[in-house]
Amino acid sequence: MENLEYAPFLNDLDTSQKEAVMSLEGPLMVLAGAGSGKTRVLTYRIALLMFYGVDPFNILALTFTNKASKEMRERIERLVGPEAKNLWMGTFHSVFAKILRAEAPKIGYQPNFTIFDSDDSKSMVKSIIKEMNLDDKLYKPSVIYNRISSAKNNLITAEEYLASSELSIQDEANGRPKTADIFLEYSKRCYKSNVMDFDDLLINTYKLLKEHPDVLNKYQHQFRYVLVDEYQDTNHCQYMIIKKLVAVSRNICVVGDDSQSIYSFRGANIQNILNFANDYPEYKVVKLEQNYRSTKTIVAASGDIINHNKQKLDKTIWTSNPEGDKINVIKALTDKEEGTLVSQQIYSLTNLQGLRNEEVAILYRTNAQSRAFEEALRKINIPYKIYGGLSFYQRKEIKDLIAYLRLTVNQKDEEALKRIINYPARGIGDTTIQKVAYIANQYKVTLWDVLEKAHHFDVFGSALSKLQNFYMMICNFRDTAKTKDAYDTVEYVAKQSGILKHLHEDKTPEGISRYDNIMEMLNGVKEFCEDDTNEVDKTLDAYLQDVALLTDADKEDESEHEKVKLMTIHASKGLEFPAVFVVGLEENLFPSFMTLQSRAELEEERRLFYVAVTRAEKHLFLSYATSRFRYGNLLYCEPSRFLTEIEPKYLNTTAMFKGKTLPSKDSVFGKNEVQEKTTSRFSINPAYRSQFDTPKPPASDPNFIADDLSNLKEGCRVVHQRFGKGIVESVSRDGINSKAVINFEEGGSKTLILKFAKMKILA
DNA sequence: TACTAAGCTCTTTTT
DNA sequence: GAGCTTAGTA
């Protein structure tokens with residue numbers, strides 16, 4: 001392959017990038033620091049392979065997100081033209097699903113298998129726990145599911161798990177000795193339902209390659225060049241699959257950054273990148289150390305952070321970019337004030353410094369933190385968009401429709417059936433469903449089989465005809481799907497199932513938004529059918545496979561223009577923004593208290609902080625609050641230890657609160673105070689119930705304040721929802737919360753810290 | 001069977 | 001704060 005003509009596009013690259021792109025043969029590890037042009041290297045490398053005449057059919061490129069693969073495909077297309085469509089490029093899950101779809105019978109599945117998302121998996125685990133009469137306080141579905149998932153990611157089957165004394169000792173110690181049995185039952189049931197969960201897509205691929213040498217041989221020879229993006233995030237199973245696939249060609253190129261490994265909770269094993277040298281002794285390593293993204297200050301500060309970690313590969317990130325501004329530290333009293341201060345800064349960035357809203361991102365550790373920023377941004381009319389959170393595909397109405405579709409394709413899909421057998425309500429209640437489940441268990445058949453033969457059982461009474469109607473309806477859908485394309489089928493199902501009608505009748509704002517979501521999904525299906533870059537296959541089967549592996553981040557959206565972006569740090573990986581706010585930098589929140597146990601996990605939290613700050617190009621803000629409402633409680637917070645890991649000379653800690661002194665902890669959080677919970681539902685003192693059951697007076701009524709404490713004065717007679725009637729002795733305010741001493745008739749004097757007035761003011 | 005009010009339990013990140 | 005479960009009622 002040497003001495004070929006020189007591809008002109010290589011001139012866009014710097015020396016080390018060029019080296020990484022041009023080392024086409026043999027194992028190559030590219031250690032790519034943040035902002036060093038990693039995607040560029042991957043795309044140019046693939047483009048160069050094709051430039052040299054390698055058939056795109058022989059190139060396999062694996063990414064972690066659909067977004068990354070889509071972006072890469074588009075960039076390659078710009079370099080080499082439409083042939084890029086034929087590349088084997090996609091997420092691990094989607095590429096393997098495609099292979100499994102083709103080879104399903106070899107490992108005992110039918111090709112129309114459907115894919116469980118983690119909600120389905122947890123729901124199935126939950127019903128198994130229930131059926132085994134286990135205490136669901138001990139056996140929490142999510143805990144069990146995570147344990148099953150991590151076993152699978154380490155290629156441990158249910159049978160091996162059952163046989164392992166080590167694992168059973170662990171489970172015994174945790175008081176969950178039955179975990180192995182749940183795992184076994186779960187596996188059996190998935191198999192019986194002709195369903196694969198996310199992990200199955202990986203382990204079944206491994207199984208297929210391991211047990212069928214002919215298949216392995218076929219793909220080993222097909223994929224002459226294998227490229228893996230974000231290699232630091234691969235788990236053991238993915239690692240083993242890659243190892244098998246490249247065993248013949250040994251043309252493997254992995255690109256990654258150990259400093260950005262933030263997915264160990266999902267099974268990612270950082271050792272995979274740390275041990276690359278052992279697996280491929282003849283390997284070559286290229287380090288991309290020049291950062292093209294951020295200012296010198298940001299690069300230096302991020303270096304300070306990551307150098308606190310012990311486990312890392314040796315590299316030094318540098319930049320020739322300008323020095324840039326200092327990093328601003330924002331200190332706020334509460335989460336609400338944090339929102340206000342951050343949004344004020346955004347206002348000044350966009351209105352005084354000429355940034356556009358879409359160039360600004362707010363990054364947080366947990367999705368729940370977004371609320372304070374949403375409220376503050378809304379208040380000063382800055383448009384924003386939240387990424388992640390409740391994904392479009394996790395919305396109830398979308399999951400309902402997808403459940404119909406899954407059942408249409410695969411009638412054995414138990415979770416789908418249970419979800420929609422009585423939605424919209426068609427008079428098939430819990431007792432009837434339990435009877436069906438009981439029979440299915442007794443005869444060791446699927447729920448669907450029982451529906452088919454329902455007339456043989458004399459136990460359903462008037463529900464029999466309803467079951468039969470449901471059965472007929474799904475059969476009808478199944479037959480429709482055989483002759484029509486995905487769009488026509490989905491539209492037909494949405495109408496005939498009654499979902500559309502049901503939602504259309506609901507005129508509440510939520511109902512309307514649900515209806516709109518269904519319409520949006522229909523639009524999505526239409527696009528899928530019309531999009532010619534997709535597979536030729538436009539059937540419902542193909543659509544479902546696509547949609548099961550799609551996440552919100554992949555959804556096309558023009559509405560993001562001119563909007564500030566809000567997302568978790570995890571979701572921000574791979575992105576960059578001129579201005580970044582990393583918020584909620586408090587001990588126990590970031591680093592998360594879950595991870596404060598072990599050193600290794602703390603290192604991962606630190607890598608997460610590193611990822612967050614390295615998203616920023618020019619402006620970086622770090623913010624924290626000294627008290628915070630979480631789960632309805634006002635909590636005291638210490639600033640995050642990570643803040644002290646940056647050299648003070650890079651920080652500007654004075655600008656944000658000059659002249660302001662914050663009150664001491666004790667003056668805010670005294671000892672005899674009741675911290676009022678601001679839950680939407682709370683227990684009402686029965687004696688005063690009637691006063692709250694009456695319809696709310698109009699907002700103009702001076703005696704009623706819904707969520708504003710401004711009228712609360714000394715001497716007010718109030719009815720509180722938990723403590724009953726009382727008289728306000730004194731009120732003090734700190735601008736965000738009110739502190740009121742109230743003498744209650746039953747319960748004595750109490751000091752309440754109030755966020756909202758969950759009380760009526762009587763006089 | 002369907003709907004609602006009240007109660008309980010979290011405490012993370014997601015392909 | 002929110003999702004989920006349970007108990008009670010229509």
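The chains referred to below are lettered A, B, ... by the order of the sequence lines, with proteins before strands, and numbering in each begins at 1.
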- Item | Whole-Å distance separating the CG atom of Asp199(A) from the P atom of dT14(B) | 16 Å
- What is the distance from CG of Asp119(A) to P of dT14(B), rounded to the nearest Å? 13 Å
- Which nucleotide in the set dT14(B), dT15(B), dT12(B) lies at the smallest distance from any side-chain heavy atom of His93(A)? dT15(B)
- Task: Would you mind reading off the distance between Asn66(A) atom CG and dT14(B) atom P, rounded to a whole angstrom?
- Result: 15 Å
- Distance below 4.0 Å between Thr568(A) side-chain N/O and dT14(B) OP1 or OP2: yes
- Query: Mapping Gln238(A) and Thr366(A) to their closest nucleotides on DNA chain B, which lands nearer the 5' end?
  - Reply: Thr366(A)
- Message: Regarding Ser94(A), tell me which of base, sugar-phosphate or nothing describes its non-hydrogen contacts under 4.0 Å with the strands shown.
- Response: nothing
- Item | 5'-most by nearest nucleotide on DNA chain B - Tyr145(A) or Gly427(A) | Gly427(A)
- Message: For dT15(B) and Lys152(A) - does any side-chain N or O of the residue sit under 4.0 Å from the phosphate oxygens OP1/OP2?
- Response: no
- Message: Tell me the interatomic distance from Asp120(A), atom CG, to dT15(B), atom C1', rounded to whole angstroms.
- Response: 15 Å
- Can you tell which of dT15(B), dC10(B), dT12(B) lies closest to the side chain of Ser592(A)? dT12(B)
- Task: Ignoring backbone atoms, establish whether Arg371(A) has a side-chain N or O less than 4.0 Å from OP1 or OP2 of dA2(C).
- Result: yes
- Query: Does the side chain of Phe460(A) reach to within under 4.5 Å of the side chain of Val436(A), using non-hydrogen atoms?
  - Reply: yes
- Query: When you measure from the side chain of His570(A), which nucleotide among dC10(B), dT14(B), dT15(B) comes out closest?
  - Reply: dT14(B)
- Counting side-chain heavy atoms from CB outward, which of dT15(B), dA2(B), dT5(C) is closest to Ala425(A)? dA2(B)
- Item | Gap between atoms CD and C1', on Gln260(A) and dT13(B) respectively (whole Å) | 15 Å
- With the side chain of Thr431(A) defined as its heavy atoms from C-beta on, choose the nearest nucleotide among dT12(B), dT1(B), dA2(B). dT1(B)
- Message: So Asp197(A) and Asp120(A), do their side chains get closer than 4.5 Å, heavy atoms only?
- Response: no
- On the 0 to 90° scale, with breaks at 30° and 60°, tag the Phe642(A)-Phe590(A) ring pair as parallel, tilted or perpendicular. perpendicular
- Value in whole Å for how far the P atom of dT15(B) lies from CD1 of Ile203(A): 20 Å
- Taking the side chain of Thr432(A) as heavy atoms from C-beta outward, which of dT1(B), dT12(B), dT14(B) is closest to it? dT1(B)
- Item | For atom NE2 of His236(A) and atom P of dT15(B), their distance in whole Å | 23 Å
- Base, sugar-phosphate, or nothing: which does Ala368(A) touch, judged by heavy atoms less than 4.0 Å apart? nothing
- Identify whether a stacking contact exists between Phe265(A) and dT13(B), where the ring centres must be under 5.5 Å apart and the planes under 30° apart. yes
- Classify the nucleic acid contact of Lys573(A) as base, sugar-phosphate or nothing, counting any heavy atom under 4.0 Å across all strands shown. nothing
- Task: Report the nucleotide, chosen from dT15(B), dT12(B), dT5(C), that has the shortest atom-to-atom distance to any side-chain atom of Phe198(A).
- Result: dT15(B)
- Query: Counting only side-chain N and O atoms of Asn367(A), is one of them less than 4.0 Å from OP1 or OP2 of dT14(B)?
  - Reply: yes
- Task: Starting at atom NZ of Lys67(A), determine the distance to atom P of dT15(B), rounded to an integer number of angstrom.
- Result: 11 Å
- Using a 4.5 Å cut-off on heavy atoms from C-beta on, say whether the side chain of Gln238(A) contacts that of Leu62(A). no
- Item | Aromatic ring pairing Phe528(A)/Tyr543(A), orientation class (parallel under 30°, perpendicular over 60°, tilted between) | perpendicular
- Given side chains that start at C-beta, do those of Leu585(A) and Ser623(A) come closer than 4.5 Å, heavy atoms only? no
- Contact class for Lys130(A) vs. all strands (heavy atom < 4.0 Å): base, sugar-phosphate, or nothing? nothing
- Can you find a pair of side-chain heavy atoms, one from Tyr139(A) and one from Val125(A), that are under 4.5 Å apart? no
- Message: Using a heavy-atom cut-off of 4.0 Å across all strands, would you classify Asn422(A) as base, sugar-phosphate, or nothing?
- Response: sugar-phosphate
